[in-house]
Each structure stands twice: as structure tokens, then as C-alpha cells.
Enquirer: 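Below: one structure in C-alpha cells.
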Amino acid sequence: VVLWNAMVTGYAENGYLLQAREMFDRMPHRSVVSWNVMIGVYAREGYVTAARKMFDCMGEKNMTSWNTMLAGYANSGHLNEAKNFFDKMSVRDLVSWNTMLQAYSKSGTLQEAEMIFRRMPQWDLLSWTSLLMAYAQSGHLQRSKSLFDSMLERDLHVWSSLLNGYSANGDLGNAKQIFDHMPEWNAVVWVSMITAYARFGLTQEAQLMFDRLPERNIVCWNALVEGYVQKGEVQEARRVFD
RNA sequence: UAAACCUUGACUACA
């Protein structure tokens, strides 16, 4: 059964939704995980209704089944369904709470996010990061900063969320400072920084950043080109593009 | 048997 599950997952991850389903149907025996996989697959591909059907059809459910379905609603923008579903859950673990918290953070409803955060029985790094994100995205930069300062554990996601709050709100000075104080960098934070410069017209700063990039992926290039385009420096954009 | 399969977090654009 484990091997079958792995196969189904493998098909789905490579975009072969139909083959995944066919595999699932052909399985001689299905475990809870098999059903969970299919629910996740459908939800991720945007077929939330199909996912829900599977969820209702399956017999024994575990925590992951509920969380997968919840995430399906949350990540496809069905915030109300997510909330209803969440309220119906008789048992909620940290993942359930984090999923709901992130859904609210992403949707910019800061108050709901805070409410969830307060109601949670426990927190982990993801919970704190999500709240930080909620503050950052809604422009409450001082709050995100003090939250950051109170955090003992900080991984790249935490740094990146803080940085992105500054850059998205045009506080380039602080963004740069955070960037310079980071213990390590990856493509995401570079792009965040480049985008910020580009968006606010500092194309030469963006270019400088870009030149310092250790590794460049397509997203980095897009960010730089976009900056030139927005400023109307079409020939520069073209140069980069070529 | 804390060994193999499933669920939650950061960046650009496009859609």
C-alpha cells in the first residue's frame, strides 16, 4: 500500500492527475493515507468539490485528513468554507490552527488572525511567522519588528517575512538594514530586495543588487526587468531581457 | 522499533 501511495503521489506531483486517480482506483487496498493523498491532490489542483467528495466518502479519517481538507479550502481562497470546516472539527492540532491562522494572515484580515493566534493552545515557529507576516502585510511594521525582536528562534522565513514587510511598504532603508543583518541569504530574499528597489524607482540599486547575486533564477531576472519597464527605461529592460 | 507513503509558513511576473 505504501508503494501504491508513493506512486499516486508521484503522478500527482508531476501533473498527471488522471493517472493518479487511475492508480488510486486500481489499488487493491487503500489506507487512510491513500485517501488523504487524493484529497490533497484534488484540492491543490483546485478541485475543492472533488476533494470534499473524497473526504465524505472515506471511512476512517485521521488528523491529516481533516487538515488536508482544511488546507484545501484555505489555499484556494475559500475562506468561509475553511472557517466553517474548522469550526466543525472536533479535534484540532497545531497544524489546523496554523492553517487557519495563515489563511487569515494572507487575506489581510489582521483582527481575525490575531483572534486565532490568541485562541491557539500552543504555538510553534510557523505560528509566530504567520503572525509576523500578518503584521508586515497590513503595514504594521513596528509591530512586526517588535514581534521579531521577541522571537528567539529565527529562520530564513522569519527574516524574509520581516524584510518583505519593509520592502512591500516602501521602507527601503530598513529593508536594506535587515538584509545586511541576515545570517544567510537565498534567492527569495534577494528577489524581495531587488523588487523593492525596482518598484520604487531605484533601478540602479536594483541593478547593483542583481550584480551581487550568487545565483540567478528566472524570478530574479523578472524582478529586474520589471523595474526597468516600470520606470520606462525600455532600452535597459531590453538589454537585461536579451 | 522515533526507519518507507499524506496535511500548515517567506519573494517577482503571468494566468
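Reminder, nothing fancy here: chain letters follow the sequence lines and each chain counts from 1. Model, not experiment: these values are computed from the prediction.
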Enquirer: In terms of heavy-atom contacts, does CD of A:Gln111 have more than 12 from other residues, nucleotides or ligands at under 6.0 Å?
Expert: no
Enquirer: Would you mind telling me which of B:A13, B:A10, B:C6 lies closest to the side-chain atoms of A:Val33?
Expert: B:C6
Enquirer: Taking all non-hydrogen atoms of both residues into account, name the closest pair between A:Ala175 and A:Leu163 and its distance.
Expert: O-CD1, 3.2 Å
Enquirer: Send over the distance from A:Trp190 CH2 to B:A13 P, rounded to a whole Å.
Expert: 20 Å
Enquirer: Side chain of A:Glu226, heavy atoms from C-beta onward: which of B:C11, B:A13, B:A10 has the nearest atom to it?
Expert: B:A13
Enquirer: Please determine, for the side chain of A:Asn5, which listed nucleotide (B:U12, B:U7, B:C5) has the closest atom?
Expert: B:C5
Enquirer: Heavy atoms only, 4.0 Å cut-off, all strands: where does A:Asn62 land among base, sugar-phosphate and nothing?
Expert: nothing
Enquirer: Can you tell me which nucleotide in B:U12, B:C5, B:U7 comes closest to the side chain of A:Thr64?
Expert: B:U7
Enquirer: Using atom CG of A:Asn217 as one end and atom P of B:A13 as the other, report the distance to the nearest whole Å.
Expert: 14 Å
Enquirer: OP1, OP2 of B:C11 versus side-chain N and O of A:Asn164: anything below 4.0 Å?
Expert: yes
Enquirer: Where the side chain of A:Val95 is concerned, which of B:A10, B:U7, B:C11 is the nearest nucleotide?
Expert: B:U7
Enquirer: With a centroid cutoff of 5.5 Å and a plane-angle limit of 30°, would you call A:His157 stacked on B:G9?
Expert: yes
Enquirer: Rounded to whole Å, please give me the gap between CD1 in A:Ile194 and P in B:A10.
Expert: 20 Å
Enquirer: Looking at B:U7, I'd like to know if its phosphate oxygens (OP1 or OP2) sit under 4.0 Å from a side-chain N or O belonging to A:Arg44.
Expert: yes
Enquirer: Answer with yes or no whether the side chains of A:Ser31 and A:Ser34 bring together a donor and an acceptor at under 3.5 Å.
Expert: yes
Enquirer: For the pair made of CE in A:Met58 and P in B:U7, what is the distance, rounded to whole Å?
Expert: 13 Å
Enquirer: In terms of side-chain heavy atoms of A:Val2, which of B:G9, B:C5, B:A10 is nearest?
Expert: B:C5
Enquirer: Please tell me which of the listed nucleotides, B:G9, B:C5, B:C11, lies nearest to the side chain of A:Thr9?
Expert: B:C5
Enquirer: More than 12 heavy atoms of other residues, nucleotides or ligands under 6.0 Å from CD of A:Glu215: is that the case?
Expert: no
Enquirer: As a test of reading the structure: which of B:G9, B:C11, B:C6 is closest to the side chain of A:Gln137, going by heavy atoms?
Expert: B:C11
Enquirer: Of the candidate nucleotides B:U12, B:C6, B:A10, which contains the atom at the shortest distance from the side chain of A:Asn222?
Expert: B:U12
Enquirer: Find the distance A:Trp4:CH2 to B:A4:P and express it as a whole number of Å.
Expert: 22 Å
Enquirer: Starting at CG of A:Leu101 and ending at P of B:A10, how long is that distance when rounded to a whole Å?
Expert: 12 Å
Enquirer: Considering all heavy atoms of both residues, which atom of A:Ala43 and which atom of A:Gly72 are nearest to each other, and what is their separation?
Expert: CB-CA, 3.5 Å
Enquirer: Given atom CZ of A:Phe55 and atom C1' of B:U7, what is their separation to the nearest angstrom?
Expert: 12 Å
